[in-house]
Participant: 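Got a structure here, written out as structure tokens. Questions coming.
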Amino acid sequence: MAVDIPPLVKPSRLRSRGGLLGECLAEFLGTFVLISFGCGVVAMAVAALPGSGRAATPTTIFLAAGDWLLISWGWALAVVFGVYVAGGVSGAHINPAVTLAMAARRGFPWVKVLPYWFAQVVGALTGAALVYLVYHNAIDAYDSAVPGPKVNGHTNATFSIFATFPAAYFHGGIWGPLIDQIVGTAFLLMLIAAVLDLRNQAVKANLAPLIVGFVVAAIGMSYGANAGYAINPARDFGPRLLTYAAGWGSLAFPGSVSGSFSAYWWIPIVGPLIGGLIGILVYDLFIGDVLLLRSELAQLPEPGRSTPVRTTDEE
């Protein structure tokens, strides 16, 4: 079917997109889709459903576990479709933590890491801008209905549509949210590695995005309330830039709420980058290396030799 689809641009003008530029464009669009649906579902839960009369009051949110399930499954589907959109061109990292882990342990070229990160952050910023364009009336209505406290007329609740913050029971501490982000992203990369490992019980390629979406749903349901399960530096940083520009001020940068948390903006960046490396290293230590050894032992030796001959590339 693909050969029957005429290109929008003459093939001679598409050559520049055949390499890194095309991959970065795919990362941009995949991350754009991720944030458009992910932040979109939070906007539904926080502002649109209450404001449209579909909740008990114009300011009623999160009265039951089902509200959190709406967000967990919404983000899961956002990941699924973001990966389906970009996977065939760039591998659909759509997450700087994934890009870093793949460079560290899966042979992804280090020279592509920064361009991928840039494309992911810009895609996330653009996706957040679309959500704000669609939902700014609902956001303004919610902020007007809530008594406070506010920064430039905006509340922390509407800020949560776009970026993350820690729960009050951390009392402004750093280590609890940081560990939470490390653990959540470690599970993400560990399970992504398992899904993609052809030596393991890998799913068929066209089902991998769906399974990765299930992974994100599981993390959200099990570890989401501590700090909003960003588990993706671009997912938090790009929309945080948008909220800063749109007037949320100190709620966005440095990420502060008086008496609750301060200078939080760096934790959803550093935590996932550390956690992603830990997750893929743990998978390789406990599973990947074992599968590699088994595959080597399964090779039959040549006649007259007790062990298989190693080529120069294998040594």
Participant: Show your working on side chain to side chain contact (heavy atoms under 4.5 Å, CB included) between Asp236 and Ile269 and close with a plain yes or no.
Facilitator: CA-CA 8 Å; Asp236 190 88; Ile269 296 174; 5.7 Å; no
Participant: Given side chains that start at C-beta, do those of Tyr264 and Arg240 come closer than 4.5 Å, heavy atoms only?
Facilitator: yes
Participant: Before you tell me yes or no, could you show the steps for Gln120 and Asn95 under side chain to side chain contact (heavy atoms under 4.5 Å, CB included), namely the whole-Å CA-CA distance, both residues' side-chain angles and the distance that decides it to 0.1 Å?
Facilitator: CA-CA 7 Å; Gln120 290 156 1; Asn95 182 339; 5.6 Å; no
Participant: Same hydrophobic cluster for Tyr135 and Leu49, using side-chain heavy-atom links shorter than 4.5 Å among ILVMFWY?
Facilitator: yes
Participant: Counting heavy atoms not belonging to Phe187, are there more than 12 under 6.0 Å from its CZ?
Facilitator: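 Counting neighbours around CZ of Phe187, 12 or fewer heavy atoms of other residues, nucleotides or ligands fall under 6.0 Å, so no.
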Participant: Do the side chains of Ile219 and Ile231 get nearer than 4.5 Å, heavy atoms only?
Facilitator: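 A side-chain contact exists here, since the closest heavy-atom pair is under 4.5 Å.
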Participant: Using a 4.5 Å cut-off on heavy atoms from C-beta on, say whether the side chain of Trp73 contacts that of Met221.
Facilitator: yes
Participant: Might you work through the ring pair (Phe, Tyr, Trp, His ring centres under 6.0 Å) test for Phe253 and Tyr244, ending with a clear yes or no?
Facilitator: CA-CA 7 Å; Phe253 285 100; Tyr244 183 77; 5.7 Å; yes
Participant: For a quick test of reading the model, state the closest non-hydrogen atom pair linking Ser36 to Gly127 and the distance between them.
Facilitator: OG-CA, 3.7 Å
Participant: Where is the tightest heavy-atom contact between Ala92 and Gly82, given as atom of each residue plus distance?
Facilitator: CB-O, 4.4 Å
Participant: Looking only at non-hydrogen atoms, find the nearest pair between Ala225 and Ala167 and report the distance.
Facilitator: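 Heavy atoms of Ala225 and Ala167 come nearest at O-CB, 4.0 Å.
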Participant: Is any side-chain heavy atom of Leu130 closer than 4.5 Å to one of Phe32?
Facilitator: yes
Participant: Check whether any side-chain heavy atom of Ile174 lies under 4.5 Å from a side-chain heavy atom of Phe261, and answer yes or no.
Facilitator: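 A side-chain contact is absent here, since even the closest heavy-atom pair is not under 4.5 Å.
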Participant: Just wondering, do Phe214 and Leu191 contact through their side chains at under 4.5 Å, heavy atoms?
Facilitator: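 Answer no - side chains too far apart.
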Participant: Out of curiosity, does Ile192 fall in the hydrophobic cluster containing Phe286 (side-chain heavy atoms, cut-off under 4.5 Å, transitive links)?
Facilitator: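 Phe286 clusters together with Ile192.
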Participant: Would you please classify the geometry between the Phe159 ring and the Phe165 ring as parallel, tilted or perpendicular, with 30° and 60° separating the classes?
Facilitator: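 Taking Phe159 first and then Phe165, their aromatic rings sit tilted (interplane angle of 30° to 60°).
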Participant: Indicate, with yes or no, if Val195 and Val290 share a hydrophobic cluster defined by side-chain heavy-atom contacts under 4.5 Å among Ile, Leu, Val, Met, Phe, Trp and Tyr.
Facilitator: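 No: no chain of side-chain contacts under 4.5 Å links Val290 to Val195.
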Participant: Can you get from Leu292 to Met190 by hopping between Ile, Leu, Val, Met, Phe, Trp and Tyr side chains that sit under 4.5 Å apart?
Facilitator: no
Participant: Can you list the steps and then say if Phe237 with Leu125 is a side chain to side chain contact (heavy atoms under 4.5 Å, CB included)?
Facilitator: CA-CA 8 Å; Phe237 186 64; Leu125 171 63; over 6 Å; no
Participant: With a 6.0 Å cut-off (strictly less than), is the heavy-atom count around CZ of Phe118, excluding the residue itself, greater than 12?
Facilitator: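 Not buried by this count: 12 neighbours or fewer within 6.0 Å.
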Participant: Which atom names give the shortest non-hydrogen contact between Thr31 and Ala124, and what distance separates them?
Facilitator: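 Scanning both residues completely, I find the closest heavy atoms to be CG2-N, 3.7 Å.
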Participant: Hey, does Phe170 have a side-chain heavy atom less than 4.5 Å from the side chain of Trp175?
Facilitator: no
Participant: Kindly give the heavy-atom pair with the smallest separation between Ala227 and Thr164, and that separation in Å.
Facilitator: O-CB, 3.3 Å
Participant: State plainly whether the residues Arg105 and Asp284 are in salt-bridge range, i.e. N to O under 4.0 Å.
Facilitator: yes
Participant: Between Phe108 and His93, does the ring centroid distance fall short of 6.0 Å?
Facilitator: yes
Participant: Examine the side chains of Tyr84 and Asn206 and answer whether a donor and an acceptor come within less than 3.5 Å of each other.
Facilitator: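 Asn206 and Tyr84 do not have a side-chain donor-acceptor pair below 3.5 Å.
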Participant: Please examine the side chains of Asn226 and Tyr169, heavy atoms only from C-beta on, and report whether any two atoms are closer than 4.5 Å.
Facilitator: yes
Participant: Using the side chain to side chain contact (heavy atoms under 4.5 Å, CB included) definition, which of the options Ile139, Leu241, Leu251 pairs with Phe162?
Facilitator: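 Result for side chain to side chain contact (heavy atoms under 4.5 Å, CB included) with Phe162: Ile139.
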Participant: Given the rule that I, L, V, M, F, W and Y join up when any side-chain heavy atoms are under 4.5 Å apart, are Leu198 and Val203 in one cluster?
Facilitator: no
Participant: Would you call the rings of His136 and Tyr132 parallel, tilted or perpendicular if under 30° counts as parallel and over 60° as perpendicular?
Facilitator: tilted
Participant: Should Trp265 and Ser256 be marked as a side chain to side chain donor-acceptor pair (under 3.5 Å) after you check the CA-CA gap, both sets of side-chain angles, and the distance that decides it?
Facilitator: CA-CA 8 Å; Trp265 69 273; Ser256 300; over 6 Å; no
Participant: What's the verdict on side chain to side chain contact (heavy atoms under 4.5 Å, CB included) for Val46 and Ser160, showing C-alpha distance, side-chain angles and the deciding distance?
Facilitator: CA-CA 8 Å; Val46 170; Ser160 72; 4.2 Å; yes
Participant: Taking it one step at a time, do Asn137 and Tyr142 satisfy side chain to side chain donor-acceptor pair (under 3.5 Å)?
Facilitator: CA-CA 9 Å; Asn137 298 105; Tyr142 182 90; over 6 Å; no
Participant: Does any donor atom in the side chain of Glu27 or Ser90 lie under 3.5 Å from an acceptor atom in the other side chain?
Facilitator: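 Ser90 and Glu27 do have a side-chain donor-acceptor pair below 3.5 Å.
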